Amino acid sequence: MSTALATAEKGSSLWADAWIKLSRNHLALFGLAVVLTLCLVSLLTPWIAPYGYEQQNLMLGASPPSAEHWLGTDVFGRDMLTRIMYGGRVSLLVGFIATAVALLIGVLWGAVAGFVGGRVDTVMMRMVDILYALPFMIFIVLLMVVFGRNIFLLFFAIGAVEWLTMARIVRGQVMSLRRQEFVEAAHSLGLSQWAIIRRHIIPNTLGPVIVYTTLTIPSVMLLEAFLSFLGLGIQPPQSSWGLLINYGVETMEEYPWLLIFPGIALSLTLFALNFLGDGLRDALDPRASKD
Amino acid sequence: MKQTIPPPLRSASVLTVCLLGFALGACGSGENRVTAGNRDGVLHWGNASEPQGLDPHIATGVPEHKIIMALMEGLVLKDTTTLEPIPGVAKRWEISDDGLVYTFYLRENARWSNGDPHNAHDYVWSWWRALQPALGNLYAYMYFPIKNAQAYYEGKISDFDQVGVKALDDFTLQVSLNDPTPYFLQLLDHYSLFPVHRPTIEKFGAPDERGTRWTFEGNLVGNGAFQLEEWKINRYVRVGRNPYYWGAGDVKLNQIYFYPTENITTEERMFRAGQLHYTYEVPVDKVAVYQEKGSGELQIYPYLGSYFYRFNTRVEHLSDRRVRRALAMAVDRQQITDQVLKAGQVPSYAVTPPDTMGYFPESDLTFDPDKARALLTEAGYPDGAGFPKTEILYNTSEEHRKVAVAIQQMWKQYLNIDVTLLNQEWKVYLDSETNMDYEISRASWIGDYVDPNNFLDMWLCNGGNNRTGWCNPEYDRLVLEAAPKASSHEERLEIFKTAEKMLLADMPVLPIYIYTSKHLINPAIRNFPKNILNQPSFKDIYLDPSAARVAEAH
Amino acid sequence: MLRFAAGRLLQAIPVLLVVITATFLLVHSAPGGPFSAEKAVPAEVIKALEAQYQLDQPLWKQYVSYLGDIVNGNFGPSFKYPGRSVNELIAAGLPITAELGLYAMLIAVLIGISAGVFASLRPNTLQDYVPMSAAMLGICMPSFLLGPLLVLIFGIYLEWLPVSGWGDIPGDKILPSITLGAAYAAYIARLSRGQMLEVLSQDYIRTARAKGLPEPLIVVKHALRGGLIPVVAFLGPAFAGLLGGSFVVETIFQIPGLGRFYVQAAFNRDYTMILGMTIFFASLIILFNLLSDMLAIWLNPKLRHGSGAAKP
């Protein structure tokens, strides 16, 4: 099968190729644009936000969208647009960093376990089983007490939970790839282990990994809300999209805008990431590059 | 390998068919639980959480309290409106002129729910049991007005005969007190002083053994208007009429279901869907909705509970009473109750709720940002400059969060100081507070009985509930020695006023508001009392289906 | 296959031992004891209680005696609910959570795979975008939002279904099952679509098409098998997630299942209950991961000889 040889030959141009293909995919470009815009807005929030995120107006209370407050105000009379902008900073930061942590550990762990196999695989996957089985909430409370409150702890806690599934998926994928003809062919051609990993295993695993990553980011953002709710992570008056949604659910009948707008913000990010992720997967697909 | 549909898909389609059948079946049944209950005299009661246990000498929680009140009864009851003592198991009583000896005459027709006779000896034995240290009765202090009860509980005397409780004959019980205690009759209606059925307890273990199975379904024997019929963990506790109850003829309900409704949002929906007659709580944001609706389902009335913040007086900058008072003066309580909580809570400037047994605390505390700023400047923090890092600790809850967020902003606005918020999970929060590992901490106290003593004796130097590090020997003397020896009710209240003023002058606590009880109550419920202890009398409640229909028609 | 299963079950013993030890240390070092309460608890009462539950003994002694009890299948008494044993509480909650999990999983698998396969047949058309957008929303929509939403629509406004309970009122099992299953249906849809696209572009499918086999046969008989591999690998973790996530659903719908017990136990520092539930959950998770791996091997014969775990 020539796919393997084809990628092996032009391995260095994989990224350039991918970029060309990505730029032809309008949906993916749209996703990229949205993600970049959100990041930009988040960076500039302290300068462009219309109000202070902690600025209250108790007499006003919860009010629907109006000329002064485009997205309405919450029960403390705080401007929702401002709070969503500030919340986005936290959510995007947590989403990207924690997912990156989960990705790094999960992919490495799964790839090594799947590729090396044997005893190493057994031990590594049993460790994953152990972590799966530990009571997450006790673990969090303990972390909180031992290390104090800290946003990096939050990343760590989330990353520590999310990499497990990633590891299992990658391992499954690698194990099935390892037995495919083109890998065996590469073996017999005398390619080194590392070269095989780099040229065949990684590119071929990218698809599921990217799909799962785009799924992980939103779930990480929601997990953050849960942890903040328990007292680990951010504290009021700071907020995040997850927390805003959490509070919004409580009052969705009375003040629906408190749920709808943060919900839109989160969904928009999610769809953008998803389009981008799909585009990237198609662009990086080594088999597709031959066509 | 001939299969066309993989097995998971096949079983899944079977399930879908089942689910559809389910859904259709569900649409057929028109009558909801409440309507059926109104017809059959079955009350569906939201009861907050799964009861830990129903042993009256061990239980401490409000949900347990409610169920025990249906299953058991004390010597006296309280009038559900005035809270004045009225006859319970004791049909009458006499109090000696010095107020030290109470003689109770018990009903001859009182019976346990298995038909056993119920008499004065049951009380002596039950109270002996309740004072066994191994039982771990957290309400043992409710017995301490009784002569020698505290000494016996603490092991200073070992002969229970010296404790002031005696059965003069089968139906006469005599109780002697240390000091005249005006609230003693009230205590008798608290479940920690309820009698328990000795043969049942001894059947399932030693008298002072915790966690025996005597209170479980099929085992429990009580003396109340109802008896335990079914206990499904995390699902419901069901009680039904006790035919042996002395007043069985007047009991109107046939059954009561108590549901562990931990999630108050769900509880409200259950109420709306006709699954509950009564909710334990009402979500903050739903109050306005029901007020607007004007259906009369929302009931709000004063509750004997005080919401406040503790200051850790051992933290350096908070050890300065000027700082504590400045912080207290910069809290706009009216805004908190009107704009944040919105359910009739009353702003409070003292710890004891007003009109507690005729007691009105005096306080010089007001909302006064100018004075607060002046005090803070005096303490060395002009315009909040250099104010050390301070954190408000609260346990995870929507209401606590809202109050803390509002106060945080008020202090920022009026004093220009930044405080941070920290919410902790309940047990961690308790641990932090007990170990004084906090700066400012959210707290509250719900009265066990209606007397200022219950709110003031927690601030004694070594009081386990003090947790502020504040200590004033003169205050202790007033509460512990002067008040019990007071010659009249008025004099006693004056002593409490003086003590509370001392407390507020130093302000180790920051009073915020007085609680209200808020419930959603189905209009069919009749004879539902609104008292400050939020204590229902299940034997008096009845359901009137016509009232519910009238309400629906509107 | 049998040897593989037996080997994995043997490996479960050290895994469980590590889980027990770690949890034991975790719960005993977590702040706040089982007997702390808002009203101050006198020192002598705490002492009496600790003596009753052997908490006054050195930690290692407690550990050893606990292990001894577990070997005999006794998880000990619950601290929070005096008089009840952990075994009894687990037995009360298990059938309910198991039923809930089963329904949710079936919904997830059925809807997820059908939507994923359906979408993969016409990639980048409306037939792809609609189910996939729905799936994205499903993932985005946490159960604490979906549950109340379904309750409001079907329970309050339409009055079709009960808003809470489990087995108390006819039809009360529908909304919780959907709420719990929805997020997993969405995951499975995305995973199966992705893998189906991979598989459908592979040579043996092209060969099959070239041979003129009818498309449904190709999809169901040839492609689906390969397309299900990542889904099957996901089922093990998904099951763990379902158990963990069930507590949110159980709280929203007042369902007396294990998830609620577990969370209550953690909040109450009910040591024996936490430990008992953890061991129980851990065993279930190990079992389901094993089943999911075995299913993956069965679906992908190439793995049968390659699986490292199957080697002696």
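Note: hydrogens, waters and symmetry copies are ignored here, and every other heavy atom, side chains too, is used. Predicted, not measured: the structure shown is a model, and the values here were computed from it. Lettering of chains follows the sequences in order, A, B, ..., and the numbering in each one begins at 1.
- Note on Thr434(B), Asn263(B), Asn466(B): by heavy-atom pairs under 4.5 Å with chain C, the leading option is Asn263(B).
- Residue Ile111(C) does not touch chain B at all, counting heavy-atom pairs closer than 4.5 Å.
- Residues Phe308(B) and Trp459(B) bring their aromatic ring centres within 6.0 Å.
- The candidate from Pro260(B), Ala443(B), Ser432(B), Ser444(B) with the greatest count of non-hydrogen atom pairs under 4.5 Å with chain C is Pro260(B).
- For Tyr429(B) and Tyr438(B), the distance between ring centers is not under 6.0 angstrom.
- Interface remark: Glu159(C) contributes no atoms to any contact with chain B (heavy atom separation under 4.5 Å).
- Of the residues considered (Ala92(C), Pro42(C), Ala37(C), Gly257(C)), Ala37(C) shows the highest number of contacts with chain B, using heavy-atom pairs under 4.5 Å.
- Using a 4.5 Å heavy-atom cut-off against chain C, the contacting residues of residues 208-217 of chain B are Arg210(B), Gly211(B), Thr212(B), Arg213(B), Phe216(B).
- At a heavy-atom cut-off of under 4.5 Å, chain B is reached by Pro148(C), Val151(C), Leu152(C) from residues 143-152 of chain C, listed in order of number.
- Per-residue heavy-atom pair counts under 4.5 Å with chain B were compared for Leu89(C), Thr251(C), Ile156(C), and the maximum is reached by Ile156(C).
- In this structure, the portion of Phe35(C) lying under 4.5 Å from any heavy atom of chain B is its backbone and not its side chain.
- A donor-acceptor pair is defined here as one N or O able to donate and one able to accept, closer than 3.5 Å; no such pair exists between the side chain of Asn435(B) and the backbone of Asp437(B).
- For chain B, no part of Glu250(C) is nearby; none of its heavy atoms comes within less than 4.5 Å.
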